[in-house]
Amino acid sequence: MDYNFKAIEKKWQKQWVDNKTYKVEIDNNRPKYYVLDMFPYPSGAGLHVGHPLGYIASDIYSRFKRLNGFNVLHPMGYDAYGLPAEQFAIQTGQHPAITTEKNLNRYREQLDKIGFCYDWDREIRTCEPDYYKWTQWAFTEMFNHYYNNKTQKAESIDSLIKEFEANGTQNIDASETEALSFTADEWKAKSDKEQQEVLLNYRLAYLADTMVNWCPALGTVLANDEVKDGLSERGGHPVEQKLMRQWLLRVSAYSERLLQGLNDVDWTDSLKEMQRNWIGKSEGAEMKFKVKDSDVVMDIFTTRADTVFGVTFMVLAPESDLTSQLTTPEQKDAVDAYIKATAKRTERERQAEVDKVTGVFSGSYAINPLNGEEIPIWVGDYVLAGYGTGAVMAVPGHDTRDFKFARQFNLPIVQVVIPEGEEATDTATWDDSKDSKAGTMVNSDFLNGLSVPEAIAKTKTHIKEQGVGDVKINYRLRDAIFSRQRYWGEPFPVYYKDGMPQMVDAADLPMQLPEVDKFLPTEDGEPPLGRAKNWVYKDAYPLELNTMPGFAGSSAYYLRYMDPKNDTALVGKEANEYWQDVDLYIGGTEHATGHLIYSRFWNKFLFDTGNVIKDEPYKKLINQGMIQGRSNFVYRINGTNKFVSLNLKDEYETTALHVDVNIVHNDVLDTEKFRNWNPEYKDAEFVLEEDDKYICGWAVEKMSKSMFNVVNPDDIVEDYGADTLRLYEMFLGPLEQSKPWNTNGIDGVHKFLRKAWRLFFDAEGNVNISDEKATKDELKTLHKTIKKISDDIGHFSFNTCVSAFMICVNELTEQKCNKREILEGLTTLLAPFAPHISEELWSTLGHSTSVCDAAWPVFEPSHLVEANFSYPVSFNGKMRFKLEMPVDASKEQIEEAVKTHESAQKWLEGKSIRKMIIVPKKIINVVVG
RNA sequence: GCUCGAGUGGUGGAAUUGGUAGACACGCAAGACUUAAAAUCUUGUGUCCAUUAGGACGUGCGGGUUCAAGUCCCGCCUCGAGUACCA
């Protein structure tokens with residue numbers, strides 16, 4: 001019987017479904033292991049060959065853990081809400097639910113063909129009411145909690161209200177939008193509406209007027225991580241700044257814990273680094289600058305408190321509240337014009353024109369709290385409203401941006417730090433500021449002569465004593481804007497009473513997404529939900545018109561897999577206590593600052609409120625590399641329909657054209673298919689190589705339809721089978737490395753499977769397995785492989801596993817080995833990688849149960865013990881010959897053997913041995929001279 | 001600009017702790033089988049010199065440490081990813 005992969009794969013995929021082979025339940029007799037893939041957004045294009053890379057790796061690992069006695073949870077689902085389906089709905093009128101369902105079924109079909117061990121009974125879809133009920137529930141919980149900085153955890157808003165009633169804000173240290181201060185009596189005197197407004201200042205899910213990334217083309221607001229280079233991540237449309245009333249999640253409250261938590265997880269350093277940069281902790285001082293002839297006090301944040309004597313002007317962000325307050329009547333027109341001009345610039349323009357220095361004088365002066373000097377206050381858009389206090393003290397001598405601003409507007413520059421190994425110089429001669437932190441203070445009163453770090457510490461103490469400032473820690477991490485002006489997302493469980501938001505009753509969850517006649521904003525610019533009929537609560541109160549963003553549904557999905565059918569909790573206690581957290585999470589690096597921050601935040605909140613038992617959700621995380629496309633080109637002779645092969649193209653004037661990689665094999669074009677590929681090429685003529693082949697050029701590019709380099713896994717499965725696809729994806733290279741997809745070379749792994757198959761059958765195709773005892777060599781081959789595969793899976797080095805299998809099968813073929821003892825071990829080792837063929841061979845070996853439930857072979861070191869070792873003998877570091885010696889030979893014996901060895905004589909001739917280095921079972925190096 | 005990662009044959013890659021560089025494949029070449037093709041099998045395949053035996057060179061570049069460097073150290077170059085007025 002030949003290796004008929006089509007029949008085998010069909011057969012076992014059916015058996016797995018029929019026998020529920022991959023169904024998982026809580027089992028207190030076995031240790032748990034949770035392997036999670038980042039679930040996909042099912043796009044209309046379907047899976048290409050790059051998508052399953054991570055899924056295959058996690059599948060291999062899951063099967064490996066199962067064979068080692070673990071109860072493995074390995075689920076899959078869909079991130080089903082999203083913009084593409086809605087954009088498609090706008091264009092075609094097709095309901096996004098229909099598009100999504102269709103795409104999702106297509107994904108499932110493609111995934112099923114690859115033979116994954118997912119427990120599909122646990123599938124979740126973020127757009128299903130049963131699921132998003134818990135997204136909405138978590139939101140209401142966040143609304144009902146605030147973050148207590150003293151206890152460093154979320155606490156109920158009721159306890160905050162009690163504290164307000166008893167003591168006002170006096171003892172409160174909470175995460176807040178702005179600092180508030182009132183007494184208990186003042187609190188009680190507030191109207192209900194006023195109290196609600198105050199509480200929004202503390203809630204973890206809150207409504208606020210905020211500057212947002214507004215994308216006019218998509219008609220919605222975007223989160224910071226959804227904006228790349230000033231363009232929307234999806235679609236690449238321009239994004240501008242706009243003030244809007246929006247829901248936000250107070251992610252910033254968790255900044256420190258999100259940062260500290262990184263120390264406890266096993267992620268790559270680069271990913272942790274990305275998160276650390278995104279959280280952006282900086283330690284510095286907040287200082288108060290009084291404004292001349294005014295009650296206003298400017299708070300500024302600085303990490304360079306030491307340079308306070310070098311401050312020659314102040315700069316406010318155009319969006320700052322203080323800007324209008326501090327603008328004098330004479331300067332009002334100029335400042336207004338400036339604010340207008342900067343507001344019009346999109347985020348992208350601002351970034352593109354980083355070097356363009358703009359600003360305007362406000363007319364006011366601030367007073368330096370340390371030396372009493374009057375310094376002008378300017379407005380400039382290089383200061384960001386969203387970071388620190390939206391105002392800076394400018395030290396042009398020692399800050400590049402301040403320096404440029406000072407030069408642009410002829411503001412004074414004072415040197416207060418002399419960098420190491422330099423002298424004080426005239427600042428007028430400078431081309432750049434001196435930002436270095438290594439240096440000595442000058443022109444700085446009581447700081448003179450100190451080093452920069454000493455001066456920073458001393459200034460901090462000083463300003464604290466003088467009451468003009470305090471030590472302060474700042475984070476770059478912003479609260480997450482949680483409203484989207486779109487249709488295809490989770491509706492908020494929110495209604496409005498007197499214009500104030502209220503949560504709908506828990507019993508009324510889920511709030512189902514209503515039907516609308518069109519998926520566009522209303523005529524008066526309300527989001528699409530404004531079109532829904534009866535979109536009111538309890539027949540009286542209008543419901544929220546925004547929907548939740550993409551990351552809402554993905555923030556706690558890993559918890560739902562633990563207990564997907566539970567209708568009383570997101571995850572039940574028993575399930576959560578058994579499965580606990582994700583042991584291995586595999587996915588793309590593109591979620592480094594979005595999903596992986598939000599999800600950790602969400603989890604920490606659920607942890608604080610006692611809903612889950614783990615503070616961090618993902619113990620170990622691996623980023624699989626991106627699979628790039630490998631494009632092929634044909635060369636058309638200009639002005640003709642004649643195509644010239646790669647090596648001859650320089651003899652002509654040609655244009656390179658992309659050609660579908662699926663009609664090219666090993667860079668050789670199938671000219672017949674090419675003529676049929678595109679009507680334009682029906683009559684194409686070819687200038688061929690000497691061997692009558694048309695060779696294509698190639699390049700590595702993004703995998704996309706327009707490059708004609710998309711390879712569909714279905715086609716590979718059709719031609720070679722799923723097991724070959726799985727092995728080949730792993731064989732391509734290290735999991736974490738990005739690499740181009742190239743179908744060339746797939747024959748190699750396919751041949752390997754056929755060769756492995758032939759070990760079980762004789763030349764006539766009959767099963768031929770021997771029960772004889774295995775020879776020493778056969779056992780050595782098997783156990784060498786057991787060790788290699790076990791070690792390499794442990795390191796997630798799957799590419800080297802495939803090589804090891806090839807070596808193993810090559811050796812067994814050479815040994816003509818058909819011993820059951822050996823073949824059983826090999827089949828089990830191979831099962832995680834190539835499950836279909838392994839099941840078939842396992843049953844050929846006479847087993848009636850699935851190979852998934854076999855036991856991982858035990859490595860027995862004694863089989864690898866050798867009597868002799870073949871030493872490479874080097875002279876002055878260059879290997880010259882091999883010397884076979886018993887492993888227990890003494891150094892003296894070895895030395896003697898080397899000296900007398902025939903091949904050694906020519907290297908020793910006329911030279912003396914200075915030294916001989918002998919590393920047992922490694923190498924011999926003779927130093928001669 | 002800053003941070004991180006990577007540069008090894010014609011190609012993908014291997015070398016896990018400093019110890020035989022190029023495992024395993026693809027491709028290519030020659031051969032066997034075949035009427036032929038496919039499939040399969042055998043042999044060869046880093047570069048250069050040499051008929052052979054053999055030798056020299058060789059892991060982006062330049063230095064260094066070491067008996068020994070793809071691997072460690074210093075200085076560069078190139079590519080990729082992330083990030084960017086963060087005070």
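Below, chains carry the letters A, B, ... as their sequence lines are ordered, and counting in each starts from 1.
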Going by side-chain contact (heavy atoms from CB on, under 4.5 Å), A:K788 matches just one of A:D792, A:T785, A:D791. Which one? A:D792
Residue-phosphate contact under 4.0 Å: A:Q737 side-chain N/O, B:G13 OP1/OP2: yes
Nearest-nucleotide pick for A:R476, side chain only, options being B:C85, B:A23, B:A84: B:A84
May I ask you to say what A:N799 touches in the nucleic acid, namely base, sugar-phosphate or nothing, with a heavy-atom cut-off under 4.0 Å? sugar-phosphate
Nearest-0.5 Å distance, CZ of residue A:F403 to NZ of residue A:K434: 9.0 Å
For B:A87, does either OP1 or OP2 sit under 4.0 Å from a side-chain N or O belonging to A:Y387? yes
Phosphate OP1/OP2 of B:G12: any A:K739 side-chain N/O under 4.0 Å: no
Candidates B:C85, B:G13, B:C24 - which lies nearest the side chain of A:L384: B:C85
For B:G44 and B:G7, measure between their C1' atoms and round to the nearest Å. 29 Å
If you look at every strand shown and take non-hydrogen atoms under 4.0 Å, does A:E736 touch a base, only sugar-phosphate, or nothing? nothing
Dump the intermediate steps for side-chain contact (heavy atoms from CB on, under 4.5 Å) on A:M806 and A:V749, then the final yes or no. CA-CA 8 Å; A:M806 289 171 169; A:V749 292; 3.5 Å; yes
Assigned partner base of B:G19, Watson-Crick or wobble definition, under 3.5 Å: B:C67
Need one value for A:F731: base, sugar-phosphate or nothing, where a base atom within 4.0 Å counts as base even if backbone is also close, heavy atoms only. base
Using a heavy-atom cut-off of 4.0 Å across all strands, would you classify A:R754 as base, sugar-phosphate, or nothing? sugar-phosphate
So A:K882, base contact, sugar-phosphate only, or nothing? Heavy-atom distance under 4.0 Å. base
Give a yes or no on whether the ring-centroid distance for A:H750 and A:F5 is below 6.0 angstrom. yes
Among B:U20, B:A15, B:C4, the one nearest any side-chain atom of A:T800 is B:A15
Assert yes or no for the condition that the ring centre distance of A:F409 to A:F313 is strictly below 6.0 Å. no
Check this one for me: any side-chain N or O of A:S282 less than 4.0 Å away from OP1 or OP2 of B:A87? yes
Please find the pair of heavy atoms, one from A:T323 and one from A:P318, that lie closest to each other, and give the distance. OG1-O, 3.6 Å
Find the partner of B:A39: check Watson-Crick (N1-N3 plus N6-O4 or O6-N4) and G-U wobble (N1-O2, O6-N3) distances, both under 3.5 Å, and reply none if neither fits. none
P atom, B:G5 versus B:C74: distance in rounded Å? 14 Å
So, with a heavy-atom separation below 4.0 Å from RNA chain B, the residues of residues 271-280 of chain A are A:E273, A:M274
If pairing requires Watson-Crick or G-U wobble contacts with both distances under 3.5 Å, which nucleotide is the partner of B:G46? B:C57
Using ring centroids (six-membered ring only for Trp), state whether A:Y871 and A:F869 fall under 6.0 Å. yes
Determine the interatomic distance between C1' on B:C57 and the same-named atom on B:A21; round to the nearest Å. 13 Å
How is A:W267 classified with respect to the nucleic acid when contacts are heavy atoms under 4.0 Å: base, sugar-phosphate, or nothing? nothing
Consider the side chain of A:W907, meaning its heavy atoms from C-beta on, and name the nucleotide among B:G55, B:C85, B:G27 that approaches it most closely. B:G55
Any base atoms under 4.0 Å from A:I807, or only sugar-phosphate, or nothing? Heavy atoms, all strands. sugar-phosphate
Return the nucleotide paired to B:A81: Watson-Crick means purine N1 to pyrimidine N3 with N6-O4 or O6-N4, wobble means G-U with N1-O2 and O6-N3, both under 3.5 Å. B:U3
Mind checking the P distance from B:C61 to B:C4? Whole angstroms is fine. 24 Å
Integer angstrom distance from the P of B:C49 to that of B:A68: 30 Å
Students often get this wrong, so: under 4.0 angstrom with heavy atoms, is A:R758 touching a base, only sugar-phosphate, or nothing? sugar-phosphate
More than 12 heavy atoms from other groups under 6.0 Å of CG on A:D269: no
Say we look at B:G62 and B:G9: how far apart would their P atoms be, to the nearest angstrom? 15 Å
Quantified in whole Å, what is the C1' atom distance between nucleotide B:G58 and nucleotide B:A69? 14 Å
Take atom CD in A:Q905; do more than 12 heavy atoms of anything else shown fall under 6.0 Å from it? yes
Take A:D399 and A:V927, find for each the nucleotide of RNA chain B with the closest heavy atom, and name the residue whose nucleotide sits nearer the 5' end. A:V927
N-glycosidic conformation, B:G7 - syn within 90 degrees of 0, else anti: anti
Taking only the side-chain nitrogens and oxygens of A:K878, find out if one of them lies under 4.0 Å from OP1 or OP2 of B:C57. yes
Using atom P of each nucleotide, how far apart are B:U16 and B:G22 to the nearest Å? 13 Å
Determine the contact category for A:V919: base if any of its heavy atoms lies under 4.0 Å from a base atom, sugar-phosphate if only primed atoms, P, OP1 or OP2 are that close, otherwise nothing. base
Ring-plane angle category for A:F798 and A:F833, please: parallel below 30°, perpendicular beyond 60°, tilted otherwise. perpendicular
Would one find more than 12 heavy atoms of other residues, nucleotides or ligands at under 6.0 Å from atom NZ of A:K281? yes
Side chain of A:P734 only, heavy atoms from C-beta on: which candidate in B:A14, B:A87, B:C26 is closest? B:A14
May I ask you to check whether A:F752 and A:W757 place their ring centres under 6.0 Å from each other? no
Need one value for A:R478: base, sugar-phosphate or nothing, where a base atom within 4.0 Å counts as base even if backbone is also close, heavy atoms only. nothing
Please determine, for the side chain of A:M879, which listed nucleotide (B:A21, B:A14, B:C67) has the closest atom? B:A21
For A:K437, is the NZ atom crowded, meaning more than 12 foreign heavy atoms sit under 6.0 Å from it? no
Distance check: side-chain N/O of A:N925 vs OP1/OP2 of B:U20, anything under 4.0 Å? no
Looking at residues 786-793 of chain A, who's got a heavy atom less than 4.0 Å off RNA chain B? A:K788, A:D792
